[in-house]
Chemist: 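Once you've had a glance at the structure underneath, I'll fire off some questions.
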Amino acid sequence: MQTSFYERDVLTVARELLGCVVRHGACAGVIVETEAYHESEPACHAFIGLTARTQTLFAAPGYAYVYLSYGIHVMLNAVAEVEGVGAAVLIRALQPVDGIELMRARRGVQDLEQLCSGPGKLTQALGIGLEHNATSLATGPIVIEAAERGLAPAELEASVRIGITKAAELEWRFSIRDSRFVSRPWPRI
DNA sequence: CATGGGATTGACT
DNA sequence: GTCAATCCCATGC
């Protein structure tokens with residue numbers, strides 16, 4: 001998708017990424033869960049300001065912000081809002097579509113519902129690493145393709161973030177309702 | 001230069 | 001439910 005898709009309010013981008021397809025090489029999956037981060041909110045890496053680690057967060061929209069969590073897990077984010085604003089959408093879960101056997105080999109797991117049901121799982125399944133930080137999601141090697149159809153409002157589920165007091169009333173997390181491929185049960189609003 | 005925390009996962013009790 | 005694994009990087013001395 002083009003840059004203009006990402007150059008909007010990060011919550012809107014997080015909502016509309018549901019149903020889109022993440023593709024890397026032979027592997028691809030439909031996004032079923034996202035989480036928005038914005039520099040105004042302390043859980044966001046950009047909250048502390050521009051550093052070497054977080055500079056991608058402030059980069060032009062439509063780029064991939066990839067970082068390592070807990071020294072083990074790779075997180076894939078799509079940079080949103082205008083250049084200079086630190087905001088991004090974490091891709092939290094996918095419904096596997098293509099390259100499923102390769103995903104199973106990379107994960108060492110057979111169960112389709114366990115292949116991409118978490119932010120660290122989906123990057124492992126798709127072979128995404130830190131070397132993909134600051135690459136374009138429009139030109140690849142990782143690309144995000146538009147949803148085949150728009151989601152009906154009833155299919156969308158929103159939730160507050162867990163463990164954050166400030167701005168806890170805002171709906172930062174989005175998923176496709178009743179999808180079997182999300183990372184975990186969410187608190188209902 | 002040393003330290004400590006993090007947007008997680010999976011194994012084990 | 002609890003807990004360890006393990007790398008990057010921001011902060012502080």
Side-chain angles (χ1 to χ4, degrees), chain A residues 6 9-15 17-18 20 22 29 31-59 61 63-81 85-96 103-135 137 142 144 157-176 179-187 189:
Chain A
Y6 303 96
D9 168 69
V10 70
L11 294 173
T12 300
V13 176
R15 269 193 298 270
L17 275 175
L18 294 178
C20 295
V22 178
I31 299 173
V32 298
E33 183 177 339
T34 62
E35 187 161 344
Y37 286 86
H38 190 271
E39 64 184 31
S40 65
E41 175 261 324
C44 181
H45 290 171
F47 181 72
I48 56 178
L50 180 60
T51 69
R53 178 199 197 187
T54 61
Q55 62 176 354
T56 308
L57 269 173
F58 297 86
Y63 276 77
Y65 170 48
V66 183
Y67 76 97
L68 198 61
S69 180
Y70 287 82
I72 303 173
H73 306 292
V74 177
M75 304 285 141
L76 172 66
N77 305 253
V79 177
E81 309 216 3
V85 174
V89 177
L90 173 67
I91 311 300
R92 292 192 53 88
L94 302 177
Q95 176 175 345
M103 291 187 193
R104 286 185 166 133
R106 284 171 170 155
R107 293 271 297 115
V109 167
Q110 289 299 309
D111 186 355
L112 193 63
E113 299 178 17
Q114 299 300 318
L115 287 181
C116 299
S117 57
K121 296 178 181 179
L122 69 91
T123 53
Q124 184 184 16
L126 268 63
I128 294 171
L130 294 181
E131 69 273 23
H132 296 111
N133 185 42
T135 60
L137 293 172
I142 306 166
I144 298 184
E157 187 166 354
S159 166
V160 297
R161 185 141 61 221
I162 304 169
I164 301 297
T165 51
K166 183 178 180 183
E169 75 282 2
L170 294 178
E171 298 176 348
W172 297 99
R173 304 169 57 135
F174 304 94
S175 67
I176 295 180
S179 170
R180 295 148 42 222
F181 300 93
V182 298
S183 63
R184 61 171 124 155
W186 290 18
I189 293 185

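In what follows, chains are A, B, ... by sequence order, proteins preceding strands, each numbered from 1. All heavy atoms count here, side chains included; hydrogens, waters and symmetry mates do not.
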Chemist: Write down the distance between CG (A:Leu115) and P (B:dG10), rounded to a whole number of angstrom.
Modeler: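 Whole-Å distance recorded here is 11 Å.
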Chemist: What is the distance, rounded to the nearest whole Å, between atom CG of A:Leu130 and atom P of C:dC9?
Modeler: 8 Å
Chemist: Output the single nucleotide from C:dA5, B:dT8, B:dG10 whose closest atom is nearest the side chain of A:Met75.
Modeler: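 So the side chain of A:Met75 is nearest to B:dT8.
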Chemist: Any strand counts, and the cut-off is 3.5 Å on both contacts for Watson-Crick or G-U wobble. Which nucleotide pairs with C:dG12?
Modeler: B:dC1
Chemist: Just compare B:dA7, C:dA5, B:dG10 and give me whichever is closest to any side-chain atom of A:Arg107.
Modeler: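 Taking heavy atoms from C-beta onward, the closest nucleotide is B:dG10.
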Chemist: What's the closest nucleotide to the side chain of A:Ile72 if the choices are B:dG10, B:dA7, C:dT6?
Modeler: C:dT6
Chemist: Give the minimum heavy-atom separation between A:Ala88 and A:Leu57, together with the two atoms involved.
Modeler: CB-CD2, 3.4 Å
Chemist: Could you give the CG-to-P distance, from A:Leu57 to C:dC9, as a whole number of Å?
Modeler: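 The answer, rounded to whole Å, is 13 Å.
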Chemist: If I take atom CD in residue A:Gln124 and atom P in nucleotide C:dT6, what distance separates them, rounded to the nearest angstrom?
Modeler: 14 Å
Chemist: Check the distance between B:dT8's P and A:Asn77's CG and give it to me in whole angstrom.
Modeler: 11 Å
Chemist: Tell me which nucleotide, if any, is Watson-Crick or G-U wobble paired with C:dT6 when both distances must be under 3.5 Å.
Modeler: none
Chemist: CG of A:Leu76 to OH of A:Tyr67: how many Å apart, nearest 0.5 Å?
Modeler: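 It is 10.5 Å, given to the nearest 0.5 Å.
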Chemist: Look at the side chain of A:His73 and decide which nucleotide, out of B:dA7, B:dG10, B:dT8, has an atom nearest to it.
Modeler: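 That would be B:dT8.
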Chemist: Specify the closest pair of heavy atoms between A:Ala78 and A:Leu137, including all atoms of both residues, with the distance to one decimal.
Modeler: CB-CD1, 3.6 Å
Chemist: CD of A:Glu131 versus C1' of C:dC8: gap in Å, rounded?
Modeler: 15 Å
Chemist: Examine the base of B:dA7 for any acceptor or donor lying under 3.5 Å from a partner atom in the side chain of A:His45, and report the outcome as yes or no.
Modeler: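 Such a pair is found, so the answer is yes.
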Chemist: Grab the two heavy atoms, one from A:Ala80 and one from A:Val13, that are nearest each other, plus how far apart they are.
Modeler: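 That would be CB-CG2, 4.2 Å.
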Chemist: Measuring from A:Glu81:CD to A:Glu39:CD, what's the distance to the nearest 0.5 Å?
Modeler: 8.0 Å
Chemist: Taking OH from A:Tyr67 and C1' from C:dA10, how many angstroms apart are they, rounded to a whole number?
Modeler: 15 Å
Chemist: Distance check: side-chain N/O of A:Arg92 vs OP1/OP2 of B:dT9, anything under 4.0 Å?
Modeler: no
Chemist: Atom CG of A:Leu68 and atom P of B:dG6: how far apart are they, to the nearest Å?
Modeler: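 Result: 15 Å.
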